[in-house]
Structures are given as structure tokens and as C-alpha cells.
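Predicted model, so just to flag it, every value in this text is computed and none were measured.
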Amino acid sequence: MGTKAFTTYLGSNPNDWLKYDASELIKQATTFVPAIVDQGDADEFMGEQLRPEVLRAAVQESGYPLELRLQEGYDHSYYFIASFIEEHIRFHASHLSK
């Protein structure tokens with residue numbers, strides 16, 4: 001859970017964040033659209049703010065068809081996004097057009 005981002009955009013009440021928290025939304029999902037998430041393993045926000053292990057646990061608990069991929073050597077930069085964005089657009093377009 002990105003407490004820094006959630007606090008900045010949504011205020012200081014953690015209960016207000018739940019309807020925007022991907023891990024919480026996945027636990028509540030009733031419609032399952034396959035998804036992928038890429039995370040750089042060198043991202044400075046990974047451990048304290050992004051916490052992909054929480055997302056992975058939510059996916060395992062709910063059975064949501066999400067593939068979480070840790071990309072070696074990538075951080076939180078534009079280069080990281082540019083490296084994977086085309087694959088994500090193609091992947092999601094193929095599933096959302098069904």
C-alpha cells in the first residue's frame with residue numbers, strides 16, 4: 001500500500017484508501033479479467049510503499065488471474081515503463097476486447 005501517495009491524494013484516513021487499493025480491490029473482485037503487473041526489483045519504493053508481496057497474497061487468496069513479474073535491475077523510471085508498455089497494451093487490449 002502506497003501510504004505516501006494515498007495520503008497525498010486521498011487524505012490521512014486509511015479507510016478512505018481501501019476503494020483505491022489494488023490489493024483490496026482484487027480481494028473483492030467478482031469479475032476476473034487477466035492482468036499483468038511489472039515491478040522493477042531495484043525500485044526504491046518497492047519495500048515500503050509498493051509492497052508487491054501484499055498484491056501477490058491478494059491474488060493467491062482470491063484466485064485472480066494476475067501475473068506479477070519482478071523485472072531484474074529496473075527501478076521506478078520512465079525507462080522501466082517504456083521497456084514494458086507495448087507488451088502491456090497488447091496484453092490488456094487482447095483481453096478487454098473479448
Side-chain angles (χ1 to χ4, degrees):
M1 169 181 313
T3 56
K4 183 176 180 179
F6 282 163
T7 301
T8 299
Y9 295 111
L10 302 172
S12 60
N13 183 349
N15 289 325
D16 292 340
W17 308 343
L18 297 177
K19 61 186 172 186
Y20 300 97
D21 185 321
S23 299
E24 293 298 322
L25 293 170
I26 282 174
K27 290 179 195 175
Q28 300 169 24
T30 57
T31 302
F32 298 109
V33 177
I36 54 174
V37 171
D38 281 304
Q39 173 69 55
D41 73 351
D43 189 324
E44 66 271 23
F45 301 107
M46 186 167 64
E48 187 177 320
Q49 295 297 316
L50 299 175
R51 300 179 54 211
E53 70 279 1
V54 174
L55 181 61
R56 187 179 312 279
V59 166
Q60 290 172 343
E61 179 182 322
S62 68
Y64 198 94
L66 182 140
E67 182 180 357
L68 176 59
R69 306 182 308 189
L70 291 179
Q71 300 294 350
E72 186 176 346
Y74 284 91
D75 57 12
H76 203 84
S77 68
Y78 171 81
Y79 178 72
F80 168 70
I81 295 168
S83 297
F84 298 98
I85 192 69
E86 183 177 349
E87 181 183 357
H88 279 251
I89 291 169
R90 290 181 191 281
F91 176 89
H92 293 295
S94 74
H95 289 287
L96 293 173
S97 66
K98 293 178 182 177

Sequence neighbours left out, what passes side chain to side chain donor-acceptor pair (under 3.5 Å) with [X]? Give chain and number order.
| X | result |
| --- | --- |
| Q71 | D38 |
| E87 | R69 |
| D75 | S77 |
| Q28 | none |

If I compare all heavy atoms of A58 with all of S23, which pair ends up nearest, and what's the gap?
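Closest approach of A58 to S23, heavy atoms only: CB-O, 3.4 Å.
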Atom of S12, atom of P14 and distance for their closest heavy-atom approach
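Nearest pair, atom of S12 first, then P14: O-CD, 3.0 Å.
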First locate atom [atom1] of [X], then atom [atom2] of [Y], and finally report the distance between them rounded to the nearest 0.5 Å.
| X | Y | atom1 | atom2 | answer |
| --- | --- | --- | --- | --- |
| Y78 | I85 | OH | CD1 | 9.5 Å |
| L25 | L18 | CG | CG | 9.0 Å |
| L50 | K4 | CG | NZ | 11.5 Å |
| N15 | L10 | CG | CG | 12.0 Å |
| Q60 | E53 | CD | CD | 11.5 Å |
| D21 | K27 | CG | NZ | 8.0 Å |

Does L96 share a hydrophobic cluster with L66, counting links as ILVMFWY side-chain heavy atoms below 4.5 Å and allowing steps through other members?
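L96 and L66: one cluster.
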Does any pair with a residue in residues 45-65 pass ring pair (Phe, Tyr, Trp, His ring centres under 6.0 Å), and if so which ones, sequence neighbours excluded?
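Listed once each, the pairs are F32-Y64, F45-H76.
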Does the side chain of [X] reach to within under 4.5 Å of the side chain of [Y], using non-hydrogen atoms?
| X | Y | value |
| --- | --- | --- |
| Y9 | Y20 | no |
| R51 | M46 | no |
| H92 | I36 | yes |
| F6 | D16 | no |
| W17 | T3 | yes |

Any residue meeting ring pair (Phe, Tyr, Trp, His ring centres under 6.0 Å) with F91, in chain and number order, not counting sequence neighbours:
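Ring pair (Phe, Tyr, Trp, His ring centres under 6.0 Å) check on F91 returns H95.
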Matching residue for P52 among V37, L68, D43, D41 - test: side-chain contact (heavy atoms from CB on, under 4.5 Å)
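Answer after filtering V37, L68, D43, D41: L68.
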